[in-house]
Amino acid sequence: MGVIRTEELLLNVGPQHPSTHGVFRIIVKLDGEIITEATPVMGYLHRGTEKLAESLNYTQIIPYTDRMDYVSAMTNNYVLVHAVEKMMGLTVPERAEFLRLIVMELQRIASHLVWWGTYLLDIGALSPFLYAFNDRERILQLFNELCGARLTYNYMRVGGVKWDAPEGWIDKVKDFVKSMYGKLDDYHALVSGNEIFLSRIKGVGAYDAETAIAYGLSGANLRSTGVKWDLRKNEPYSLYDRFEFDVPVGRNGDCYDRYVVRMEEIRQSLRILEQALEQFPPEGETMGKVPRVIRPPAGEIYVRIESPRGEIGCYIVSTGKAEPYRLKFRRPSFVNLQILPKLLVGESMTNLVTILGGIDIVLGEVDC
Amino acid sequence: MQRFWDDPVSWEAAGRYALVALALLAVVIVFVTYAIYFERKVIGWMQFRQGPNRTGPLGLLQTVADVAKLLVKEDTIPAKADKALFVLAPALAFIPSFTVLAVIPYGLNLPFADLNVGFLYYVALSGVTTIAIVIAGWASNNKYALLGGMRSAAQMISYEVPLVLSVVGVAMLTESLNLRDIVLRQEGYFWHWNVFPQIIGFAVFVVAAVSELNRTPFDLPEAESELVAGYHVEYSGFRFAFFMLAEYVYIYAIACLTTILFLGGWNAPFPQLDFIPGLVWFAFKFALIVFSLFWIRATLPRLRVDQLMGLAWKALLPLALANILLTALGIEWLG
Amino acid sequence: MSEEERKRPGEPEDDVSAASAGEQRTGTLEDGVSAANIGERRSGAPEDGGSAVSAGEKRTEAPEAGAAATGAGTPRPKAAETAADGARTEPAAPARRKETEEEKAARRKAALEAREAAKAAKAAAAAQDAAAQAGSPGAAQAGPQAASPGAASAGPAGAAAETNEPPPKPPSPNQPRLDRAVQLLRELVADDAVESASINEANDHLPTIVVRKERWLQAARLFRSHEELNANYLRNVTGVDYETHMEVVYHLLSLDSGHNYAIKVRTDRDRPSVPSVTPVWETANWNEREIYDLLGIDFPGHPDLRRIMMPDDWEGHPLRKDYVPLDPEV
């Protein structure tokens with residue numbers, strides 16, 4: 001009797017795999033079901049946004065940003081127009097800034113709902129996905145009424161926003177916020193205490209704050225380790241310093257903490273929305289005084305905001321022309337994904353899905 | 001005792017048996033068709049959506065259309081698959097699922113094969129399906145299918161142990177493995193049923209049964225989010241239909257078995273309700289169990305492989321053994 | 001990591017709002033108009049930050065107040081704002097706003113803080129002068145960042161020329177930090193480590209240092225580990241093709257102090273190569289791969305330098321200015 005010969009199994013997860021949330025491939029080496037090595041492969045969705053932007057003017061670039069993180073297009077819009085405004089020293093009318101903030105927070109809720117639904121789908125629960133999409137649908141309806149698009153909004157402009165809120169829109173948002181609190185409680189009751197769910201995510205994919213910082217993680221991935229770093233608080237932009245909200249943090253940096261942090265962020269966004277809707281200026285301009293052709297002065301700028309996935313940044317080098325000389329986006333999904341190979345080693349195939357889902361990536365943003 | 005070899009060998013007897021068998025087949029096929037329909041409807045309602053509602057009135061012909069599509073689909077076999085095994089696997093999964101139905105009594109006068117080891121017969125034959133799944137996973141020459149097949153083998157073998165042991169209590173109480181006798185011993189109303197003296201056994205049985213069925217939260221062999229579709233990832237057309245059919249026939253069988261072993265079979269729960277025929281009671285209890293399976297599927301997430309194994313060996317098995325001990329003590333002390 | 005919220009004392013946006021608030025305190029009110037409008041409209045909600053942002057958008061030139069914000073670090077914009085707000089609205093519309101005891105207390109506290117801030121500002125200004133003299137003269141130049149491709153290529157000479165500009169700009173609040181970083185680099189890395197240094201005013205007074213390529217890895221280690229700089233977080237890495245040369249820009253952040261730095265490393269265009277900082281910050285790993293892929297800059301020391309976005313057999317580096325697409329129709 002000889003020794004039974006075993007060999008490693010090389011498994012291609014993706015690019016068309018239901019749990020990679022897009023066209024993303026991980027080449028895993030398996031010993032049984034245990035991963036011994038994981039190599040992410042990406043670029044399947046690379047559209048060369050940065051190259052394209054070099055031949056477009058700034059207003060034309062805005063729709064391209066919609067397509068980066070297509071689950072959270074509003075924040076992408078904002079980071080670009082905010083960077084240009086800052087370069088040019090433009091002021092944005094208050095009503096426009098309020099509208100921007102409201103849509104960004106709605107977008108954060110919508111994005112976290114998508115994450116919540118798909119994450120539970122990854123873990124094998126089917127129903128939460130549909131519940132989450134029901135609520136997200138209401139946000140998309142609101143966006144649709146505001147700017148006529150459901151996913152790629154192209155809503156913000158340098159100096160303001162394209163469309164003013166239609167009659168009664170603010171009240172609809174208020175209704176949504178009110179009902180969403182109850183829904184959130186329902187979701188916690190439905191899922192957050194589920195024994196199977198908890199056993200699937202507690203202690204899985206854990207890392208400490210040191211590692212998170214070294215890997216440049218941001219958003220809930222960073223906060224789950226206990227680092228209280230939210231750009232809305234720490235480097236305030238827009239009107240965030242006017243509103244009261246908390247920055248939820250975790251402790252262990254595992255998938256469970258990331259879950260808790262994201263769920264709590266929905267509640268905090270609702271709080272911000274409540275205050276913002278209360279203070280929403282009843283009238284006013286939605287577009288500031290902006291030159292006909294937008295030509296930021298020569299120079300460069302790096303602007304960053306807190307997207308639902310973390311720090312999204314925009315680095316512009318301008319030579320004073322209408323097109324950027326170089327435009328680079330710091331995409332949170334791309335940076336956050338770097339930690340994946342490290343987390344996967346020694347985990348089972350099942351945890352691959354749990355961990356990848358917990359990082360919350362959008363492939364449009366990873367590949368840009 | 002009714003044995004077919006007691007009947008005279010005649011065309012008439014053979015015809016009678018063939019007719020009854022065909023009737024049962026029709027019942028099962030109709031059940032499978034509408035179980036799939038109701039599963040989709042029920043889960044749809046639980047998820048705030050409509051479910052199938054296009055094909056036929058209220059979508060009643062949806063499954064029919066689906067099956068028709070599967071049957072006329074091109075039969076594909078992957079080029080590098082082990083062809084003989086690939087073809088064998090669906091049949092091997094499907095045949096035992098129907099043969100187990102032979103021992104199930106639906107009413108006092110409606111037994112098919114009145115076997116004195118009915119339960120063991122069921123367990124033994126349903127185990128064959130596991131082999132079919134492993135063969136399917138292996139023959140597909142696909143890594144996901146292989147992983148799914150291996151998971152399935154590990155899971156089904158693990159869960160058959162508590163499944164069988166949980167029924168030992170019932171066998172001790174009723175002093176029989178004949179399914180008809182087991183129901184007869186539960187003659188009476190709901191306080192006579194096995195579910196109460198055997199509550200631990202019942203719980204273990206239900207959990208193990210859900211796992212045997214490969215359904216949520218134990219649907220690891222075909223875990224979509226990890227293994228795409230598990231062991232049947234390469235199957236399509238009527239071969240895939242066979243796997244689906246086997247899965248739903250097992251739902252039918254397990255629901256019948258639970259009704260018989262624990263819920264008093266065709267007995268009415270209250271004396272006042274005796275006027276309703278036993279067959280209706282059987283169908284009602286059966287439907288309740290099927291519905292619970294759908295309900296669980298819409299509610300729970302999936303376990304991880306190691307947790308699945310842990311649950312079988314560390315929780316269910318000790319519970320089942322404890323149940324046997326307690327039953328023995330109960331019989332000893334209380335008679 | 002400390003658990004408490006890391007409020008950044010030197011955060012530029014805070015600076016400006018504090019500055020304008022401080023200005024209002026001294027009586028120049030031309031800026032306060034919009035702030036007053038908002039203040040009136042929402043006079044019912046005194047607890048939040050008020051008009052900090054809209055006032056902050058106007059970049060006032062108030063040297064002593066600007067210095068106050070960085071120097072002292074104490075004036076919370078909220079408090080100062082409440083003070084200014086209260087002081088202004090009270091005589092104008094006394095009927096509209098009934099001050100509660102709490103508000104009065106807050107106002108008193110804010111006024112006190114403002115006074116302290118002014119004091120600290122003087123001290124800071126003095127200290128800063130001293131620092132400017134003590135710090136290596138000619139190395140760190142204040143003024144707008146000269147980063148347009150043409151000017152950038154001029155290097156230190158261009159920056160030096162800027163000192164002669166007629167209207168003397170107020171020193172940037174981040175100037176001391178820049179000087180300190182440059183000094184540390186000179187002392188602890190090498191004398192020639194810094195090519196030039198400047199403040200990028202439009203970008204929240206971001207201290208920007210151009211580091212010599214040969215010294216960059218050492219400089220990176222210093223930034224990461226030195227307790228004063230403590231830039232433990234690499235925000236972003238960008239490669240830029242300036243046609244005359246290539247440049248890699250690193251945006252660093254210290255999560256503890258909230259200080260930002262931009263480091264640029266220049267390399268020639270024919271054989272672009274910049275030492276990899278992946279051993280220092282893991283974040284750089286994929287970012288450097290992306291730059292290698294799209295711009296063709298080599299990063300010696302990188303553990304796994306492969307293409308990341310484009311197919312492995314792609315020819316050329318698309319983000320280069322002279323890149324010719326394979327198929328012109330695309």
Side-chain angles (χ1 to χ4, degrees), chain A residues 42-43 46 48 50-51 54 86-87 89 91-92 94 97 209-211 213-216 225-229 233-239 241-244 247 249 275 278-279 281 297-304 311 313 315 317-320 325-326 328 330 334-335 337-339 342 367-368, chain C residues 1 3-8 11 13-14 17 38 41-42 45 47-50 52-54 57-59 77-78 144-145 147-151 200 202-204 206 232-236 238-241 249 251 255 258 262 281-287 290 294 307-311 318-319 323:
Chain A
M42 68 213 88
H46 180 62
E50 291 170 4
K51 180 74 178 173
E54 287 174 10
K86 218 166 175 179
M87 265 187 134
T91 33
V92 181
E94 206 185 29
E97 197 62 49
E210 293 290 309
T211 319
I213 292 169
Y215 275 88
T225 61
V227 181
K228 204 163 190 172
W229 183 264
K233 271 265 197 254
N234 297 78
E235 302 184 349
Y237 55 94
S238 191
L239 306 173
D241 48 1
R242 293 195 195 180
F243 306 118
E244 266 187 37
V247 178
V249 291
Q275 298 169 47
E278 212 47 60
Q279 298 171 21
E300 58 200 76
I301 199 161
Y302 176 70
V303 163
R304 64 280 173 215
E311 170 178 333
Y315 178 74
V317 179
S318 168
T319 51
Y325 185 78
R326 170 87 168 92
K328 150 100 185 181
R330 183 237 200 247
F334 178 70
V335 179
L337 192 57
Q338 281 196 66
I339 201 170
K342 178 184 155 68
D367 293 344
C368 188
Chain C
M1 284 289 128
E3 284 274 326
E4 73 264 51
E5 184 200 333
R6 293 182 178 81
K7 182 70 191 173
R8 311 181 47 193
E11 163 57 30
E13 277 174 15
D14 288 4
S17 57
I38 305 155
R41 206 180 297 147
R42 337 166 286 92
E47 74 278 2
D48 54 40
V53 162
S54 69
E57 293 284 355
K58 303 198 195 305
R59 301 187 174 278
K78 203 190 260 182
Q145 218 266 337
S148 67
N200 187 350
N203 200 172
D204 302 324
L206 181 68
N232 49 3
Y233 192 89
L234 177 62
R235 300 193 106 141
N236 185 28
T238 314
V240 189
D241 177 10
V249 189
H251 285 93
L255 279 178
W281 295 282
E282 274 294 336
T283 323
N285 190 336
W286 285 11
N287 279 299
E290 193 186 13
L294 302 178
R307 283 191 183 270
I308 188 165
M309 290 295 163
M310 311 299 286
L319 267 182
Y323 175 75

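Just so it is clear, the structure is predicted and the values come from calculations on it, not from any experiment. Any value given below was found using the heavy atoms of this structure, including those in side chains, with hydrogens, waters and symmetry copies removed.
Nearest heavy atoms, N200(C) versus E300(A): ND2-O, 2.9 Å. Taking each heavy atom of I213(A) and T283(C) in turn, the nearest pair found is O-OG1, 4.3 Å. Closest of all the heavy-atom pairs between L234(C) and R330(A) is O-NH2, 4.3 Å. V335(A) and N287(C) get closest at one heavy-atom pair: CG2-ND2, 4.3 Å.
Contact annotation for E311(A): only side-chain heavy atoms (C-beta onward) come within less than 4.5 Å of a heavy atom of chain C. Neither the backbone nor the side chain of I339(A) comes within contact range of chain C, judged by heavy atoms closer than 4.5 Å. If you measure heavy-atom distances from D241(C) to chain A, the contacts under 4.5 Å come from the backbone alone.
Between L319(C) and E54(A), some side-chain heavy-atom pair lies under the 4.5 Å cut-off. At a threshold of 4.5 Å between non-hydrogen side-chain atoms, the residues K328(A) and V240(C) do not count as touching.
In this structure, E282(C) contributes its side chain and A214(A) its backbone to no donor-acceptor pair below 3.5 Å. Judged by distance alone, the side chain of R326(A) and the main-chain N or O of G239(C) form a donor-acceptor pair under 3.5 Å.
Here the CZ atom belonging to F334(A) is positioned 4.5 Å from the CD atom belonging to E290(C), to the nearest 0.5 angstrom. Here CG of L294(C) is found 7.0 Å from CD of E50(A). Values are rounded to the nearest 0.5 Å. For the atom pair N236(C) CG and Y302(A) OH, the distance stands at 4.5 Å (nearest 0.5 Å).
Note on ring orientation: taking the six-membered ring where Trp is involved, the planes of Y315(A) and H251(C) are perpendicular (angle over 60°, cut-offs 30° and 60°).
By number of non-hydrogen pairs under 4.5 angstrom with chain A, the leading residue of W281(C), Y233(C), Y323(C), W286(C) is W286(C). Annotation: maximal heavy-atom pairing with chain C below 4.5 Å, among L337(A), V247(A), T211(A), V303(A), occurs at L337(A).
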(message) Before you tell me yes or no, could you show the steps for K86(A) and D204(C) under side-chain contact (heavy atoms from CB on, under 4.5 Å), namely the whole-Å CA-CA distance, both residues' side-chain angles and the distance that decides it to 0.1 Å?
(response) CA-CA 9 Å; K86(A) 218 166 175 179; D204(C) 302 324; 2.6 Å; yes
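In this structure E278(A) satisfies the salt bridge (Lys or Arg N to Asp or Glu O under 4.0 Å) test with no other residue, sequence neighbours excluded.
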